[in-house]
Amino acid sequence: MYNFNYHKPKTVDQAVELMNSCDDPKILSGGHTMVPTLKQRLAQPSDIVDISNIGGLSNISLEENGSRLNIGSLSTHYNVSNSDTVIQKIPSLAYLASQIGDPQVRYRGTIGGSVANADPSADYPAALLALNATIVTNNAKYQAEDFFVDMFQTPLSENEIITNILFDIPVTGAYVKFRNPASGYAMVGVFVAKYNSSVIVAVTGAGPKAFRLSEAEELLTKSFDVNSLSELKIESDGLNSDIHASSEYRAHLVKVSLQDAVKIALK
Ligand SMILES: Cc1cc2nc3c(=O)[nH]c(=O)nc-3n(C[C@H](O)[C@H](O)[C@H](O)COP(=O)(O)OP(=O)(O)OC[C@H]3O[C@@H](n4cnc5c(N)ncnc54)[C@H](O)[C@@H]3O)c2cc1C
């Protein structure tokens with residue numbers, strides 16, 4: 001690890017002001033990605049700005065007359081998976097959070113850190129796309145479909161802090177994850193969300209970034225049942241192919257995970 005200055009501001013404004021005065025600052029929240037990056041000397045920030053002490057960023061509440069769920073960026077995966085509000089309003093999201101990593105990761109890792117990191121195998125990107133999420137920062141709002149630009153790439157500027165994330169509340173939904181047995185990350189993860197007059201299907205782990213499956217969405221919007229998917233063909237072109245799984249296998253996993261997700265959503 002290289003030397004750096006360490007700061008622990010108490011407000012978002014303080015954190016931003018501080019970062020604007022530093023040469024090359026980096027934000028730290030749960031540290032489950034940032035600390036290994038520092039330990040392996042893959043980054044050499046001049047300053048670490050630990051935002052974990054900032055008040056008000058761990059709240060989970062209903063907003064906009066109860067039509068959207070608001071999750072503070074410092075909410076840990078454990079808090080999301082155990083929140084009564086999340087369990088009641090979007091149980092599939094609570095379930096997704098319960099499937100991230102192991103207990104140590106879930107107790108420390110935060111939704112804001114995970115979303116900012118934009119790992120193509122992370123679980124949350126599928127939920128953010130399927131639940132029409134809005135990512136709110138200290139100076140902007142982004143729609144999920146504009147946020148996951150590419151592998152580990154988002155539109156966030158250097159000193160921008162995610163403060164909270166707003167989710168639409170579907171009529172029903174489900175998340176199915178096929179874990180990479182070595183890392184626990186998603187080899188493939190499929191989130192299906194059914195609304196009154198539409199369906200969104202989002203996939204993580206399979207490609208260089210999370211994406212929506214428009215053909216499946218059309219079929220399921222016409223009729224929300226597993227039989228609607230019988231003719232669906234998932235193309236393997238453009239999907240990841242590595243030592244863990246070929247692109248053809250990932251394409252197969254996407255289809256069977258989506259079928260399972262629809263069955264769960266209908267229960
Ligand atoms: C062993 C292990 C297994 C894991 N398994 C899974 C898994 O199965 N599924 C999964 O989805 N994830 C998994 N993760 C990742 C985990 O979810 C981390 O929590 C996540 O990568 C980063 O969150 P964090 O709060 O630890 O962020 P940090 O490590 O503190 O930060 C990560 C990045 O985001 C930036 N950042 C942090 N917070 C903010 C913010 N509020 N605004 C703007 N930028 C910010 C930081 O500057 C840094 O670049 C795993 C991690 C480990 C170590």
Side-chain angles (χ1 to χ4, degrees), residues 4 6-9 11-12 15-16 18-19 22 24-40 42-59 71-81 93 95-128 135-142 147-148 151-165 175-189 191 202 204-205 209-210 244:
F4 53 78
Y6 176 80
H7 313 270
K8 206 165 184 179
T11 66
V12 172
V16 173
L18 200 71
M19 287 193 287
C22 300
D24 183 18
K26 287 275 179 284
I27 298 167
L28 178 81
S29 47
H32 267 277
T33 297
M34 185 44 93
V35 172
T37 307
L38 294 172
K39 283 174 81 174
Q40 291 168 34
L42 296 172
Q44 190 175 5
S46 62
D47 296 75
I48 284 289
V49 178
D50 180 347
I51 62 169
S52 63
N53 235 17
I54 295 181
L57 297 189
S58 314
N59 299 339
I71 301 187
S73 65
L74 288 180
S75 302
T76 61
H77 311 323
Y78 174 81
N79 287 340
V80 173
S81 66
L93 183 61
Y95 171 77
L96 176 148
S98 78
Q99 297 303 298
I100 295 176
D102 51 30
Q104 289 90 332
V105 173
R106 292 194 289 276
Y107 277 119
R108 296 290 309 175
T110 66
I111 189 169
S114 175
V115 169
N117 198 42
D119 188 315
S121 300
D123 295 285
Y124 276 123
L128 265 69
I135 297 107
V136 184
T137 73
N138 55 304
N139 62 12
K141 288 183 182 179
Y142 304 94
F147 191 80
F148 299 106
M151 203 180 276
F152 300 107
Q153 274 181 42
T154 71
L156 290 176
S157 58
E158 276 295 295
N159 301 339
E160 199 170 358
I161 298 177
I162 299 177
T163 54
N164 58 300
I165 301 169
Y175 179 65
V176 170
K177 171 181 185 175
F178 188 92
R179 281 175 167 266
N180 178 323
S183 70
Y185 278 85
M187 191 102 86
V188 162
F191 203 115
T204 191
K209 63 173 183 167
H244 306 292

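We count residues from 1, following the sequence as given. Order of appearance sets the numbers: ligands from 1, and atoms from 1 within every ligand.
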Contact check: [X] vs ligand 1, nitrogen or oxygen atoms, below 3.5 angstrom:
X	result
Gln99	no
His77	yes
Met34	yes
His32	yes

Which heavy atom of the protein is the closest neighbour of [atom], given with residue, atom name and distance?
atom	value
atom 46 (C) of ligand 1	Ile27 O, 3.0 Å
atom 7 (C) of ligand 1	Gly101 N, 3.4 Å
atom 40 (C) of ligand 1	Ile162 N, 3.8 Å
atom 25 (O) of ligand 1	Thr110 OG1, 2.7 Å
atom 1 (C) of ligand 1	Val105 CG2, 3.9 Å
atom 24 (P) of ligand 1	Gly30 N, 3.6 Å
atom 20 (C) of ligand 1	Thr33 OG1, 3.6 Å
atom 51 (C) of ligand 1	Tyr185 OH, 3.4 Å

Ligand 1-proximal atoms of Gln104, by part, heavy-atom distance under 4.0 Å: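 For Gln104, there is no contact with ligand 1 at all, from either part.
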Backbone, side chain, both or neither: what part of Thr37 comes under 4.0 angstrom of ligand 1, heavy atoms only?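 For Thr37, no heavy atom sits under 4.0 Å from ligand 1.
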Could you work out, with ring-ring contact (aromatic ring centres under 6.0 Å, His included) as the rule, every residue matching Phe4, not counting sequence neighbours?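 Result, ring-ring contact (aromatic ring centres under 6.0 Å, His included) vs Phe4: none returned.
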Ligand 1 atoms in contact with [X] (distance to a heavy atom under 4.0 Å):
X	value
Glu160	43 (C)
Ala122	10 (C), 11 (O)
Gly109	19 (O), 25 (O), 26 (O)
Gly184	8 (O)
Gly31	24 (P), 26 (O), 27 (O), 28 (P), 29 (O), 30 (O)

Can you check whether [Y]'s main-chain N or O pairs, donor with acceptor, with [X]'s side chain at less than 3.5 Å?
X	Y	result
Thr137	Ile162	no
Gln40	Thr37	no
Arg179	Met187	no
Thr204	Ala122	yes

Under a 3.5 Å cutoff, is there a donor and acceptor pairing between the side chains of Thr76 and Asn79?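 Checked: Thr76/Asn79 side chains pair up, N/O donor to acceptor below 3.5 Å.
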For atom 36 (N) of ligand 1, which candidate among Ala116, Ala127, Ser183 provides the closest heavy atom?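 When every heavy atom of Ala116, Ala127, Ser183 is considered, Ala116 comes closest to atom 36 (N) of ligand 1.
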Could you work out, for atom 27 (O) of ligand 1, the closest of Ala118, Ser29, Ser114 by heavy-atom distance?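 Result: the heavy atom closest to atom 27 (O) of ligand 1 is in Ser29.
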Does [X] reach the side chain of [Y], with side-chain heavy atoms less than 4.5 Å apart?
X	Y	result
Ile71	Leu93	yes
Tyr95	Ser81	no
Ile161	Ile27	yes
Phe191	Leu128	no

Taking the six-membered ring for Trp, are Tyr124 and His77 closer than 6.0 Å centroid to centroid?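 Ring centroids of Tyr124 and His77 are less than 6.0 Å from each other.
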Heavy atom of Arg179, distance to ligand 1 below 4.0 Å: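 Outside the 4.0 Å threshold, so no.
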Contact between Val35 and ligand 1, counting heavy atoms under 4.0 Å?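 Not so, Val35 does not reach ligand 1.
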Roughly how far, to the nearest 0.5 Å, is the OG atom of Ser73 from the CG atom of Asn138?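 Asn138 atom CG to Ser73 atom OG measures 10.5 Å (nearest 0.5 Å).
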Where Thr154 and Ala116 come nearest, the two heavy atoms and their spacing: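 Heavy-atom minimum between the residues: CG2-O, 3.7 Å.
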Among residues at least two apart in sequence or on other chains, which ones pass side chain to side chain contact (heavy atoms under 4.5 Å, CB included) with His7?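 Listed in chain order: Asn5, Pro9, Leu18, Cys22, Asp47, Val49.
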